[in-house]
Amino acid sequence: MLNKKQIRYCLDEIAKMFPNAECELEHANPFELVIAVVLSAQCTDALVNKVTKDLFKKYQTPEDYLQVPLEELQNDIKSIGLFRNKAKNIQKLCKSLIEEYGGEVPHSKEELIKLAGVGRKTANVVASVAFGEPAIAVDTHVERVSKRLGICKWKDSVLEVEETLMKKVPKEEWSVTHHRLIFFGRYHCKAKNPNCPECPLLDICREGQKRMKDR
DNA sequence: AACTCGGGGCA
DNA sequence: TGCCCAGAGTT
């Protein structure tokens, strides 16, 4: 397991690789961000951005999403996959926003995660990106990279990965950390063919060293 | 803990 | 054409 100093080294090196790692979803306000992140589950940000361009023109408020039949909303987002569930969840989510939060998006992770279609990862992204709350969103990239590098244990659950990161990274850097790890995982430390030979972290990465030895 | 939901992108 | 990608909800 890497200690705090080693993790700091990793994050600094990744920061050099991706100097402007930030949320790739297009949004103008917290409400749009919530919708975009809910839509982004199990699909790429690029694909979501294609849909949200028109979607955000058509729907500006939670009320707008409830004024159309479910089938119409499903049709508006059908190109992203899992659209039936996502459309249902968005209407439920909008209903909750109106009835429980005065039409506004709540700021805390604890409130966000209660919303339909919002899980731990989405709640963390919205809290940190929209409201600047300290949070580390653990998606598949963050989980994989954390395990390969040795930041956490291989058998850790998603929640345990998140807790370990929060424990070992200073709170002020939680938000930027999750973006750094996501970029690192998506573009360099890929699931299939991680670019270990050109990785600046090879000397510290247990999985990288193992892979290089096995070649 | 395992299963289901569903498309686009790419070889 | 078939494999790969990416979370939430339910049981």
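Just so we're on the same page: letters track the sequence lines, and every chain starts at 1. What you see below is based on every heavy atom in this structure, not just the backbone, and it leaves out hydrogens, waters and symmetry mates.
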Worksheet item: Of the nucleotides dG6(B), dG7(C), dG9(B), which has the atom closest to the Asp139(A) side chain?
Response: dG7(C)
Worksheet item: Which of the following nucleotides, dG7(B), dA8(C), dG8(B), is nearest to the side chain of Lys121(A)?
Response: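 Side chain of Lys121(A) sits closest to dA8(C).
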Worksheet item: At their closest point, which heavy atom of Gln74(A) faces which heavy atom of Phe83(A), and how far apart are they?
Response: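 Of all heavy-atom pairs spanning Gln74(A) and Phe83(A), the closest is O-CD1, 3.7 Å.
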Practice prompt. Using only side-chain N and O atoms of Lys114(A), determine if any of them is under 4.0 Å from OP1 or OP2 of dG9(C).
Written response: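 So the side-chain polar atoms of Lys114(A) never come under 4.0 Å of the phosphate oxygens OP1 or OP2 of dG9(C).
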Worksheet item: OP1 or OP2 of dC5(C) sitting under 4.0 Å from any side-chain N/O of Thr140(A)?
Response: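 Thr140(A) to dC5(C) OP1/OP2: no side-chain N or O under 4.0 Å.
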Worksheet entry | Test item: Lys168(A) side-chain N/O and Leu2(A) main-chain N/O as donor-acceptor pair under 3.5 Å | yes
Worksheet item: Across the strands shown, which category fits Leu82(A) at heavy-atom distances under 4.0 angstrom: base, sugar-phosphate, nothing?
Response: base
Item to complete: Name the nucleic acid region contacted by Val118(A), choosing base, sugar-phosphate or nothing; use a 4.0 angstrom heavy-atom cut-off, strictly under.
Response: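 Here Val118(A) touches the backbone only, sparing every base.
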Fill in: Gap in Å between the two P atoms, one belonging to dT11(C) and one to dG6(B), rounded
15 Å
Worksheet entry | P-based separation of dA6(C) from dA11(B) [nearest Å] | 16 Å
Worksheet entry | Sorted by number, the residues of residues 182-194 of chain A with heavy-atom contact under 4.0 Å to DNA chain C | Ala191(A), Lys192(A)
Fill in: Salt-bridge present (Lys121(A), Glu162(A); N to O < 4.0 Å)
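No, this pair does not count.
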Item to complete: With sequence neighbours excluded, tell me which residues meet side-chain contact (heavy atoms from CB on, under 4.5 Å) with Glu13(A).
Response: Tyr9(A), Lys16(A), Pro200(A), Leu201(A)
Item to complete: Tell me whether the centres of the aromatic rings in Phe31(A) and Tyr59(A) are closer together than 6.0 Å.
Response: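 No: the rings miss the under 6.0 Å criterion.
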Worksheet item: Parallel, tilted or perpendicular: which fits the ring planes of Phe183(A) and Tyr187(A), with parallel below 30° and perpendicular above 60°?
Response: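 It falls in the tilted class, 30° to 60°.
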Item to complete: In whole angstrom, give the distance that lies between atom CZ of Arg120(A) and atom P of dA8(C).
Response: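 In whole Å, dA8(C) P lies 9 Å from Arg120(A) CZ.
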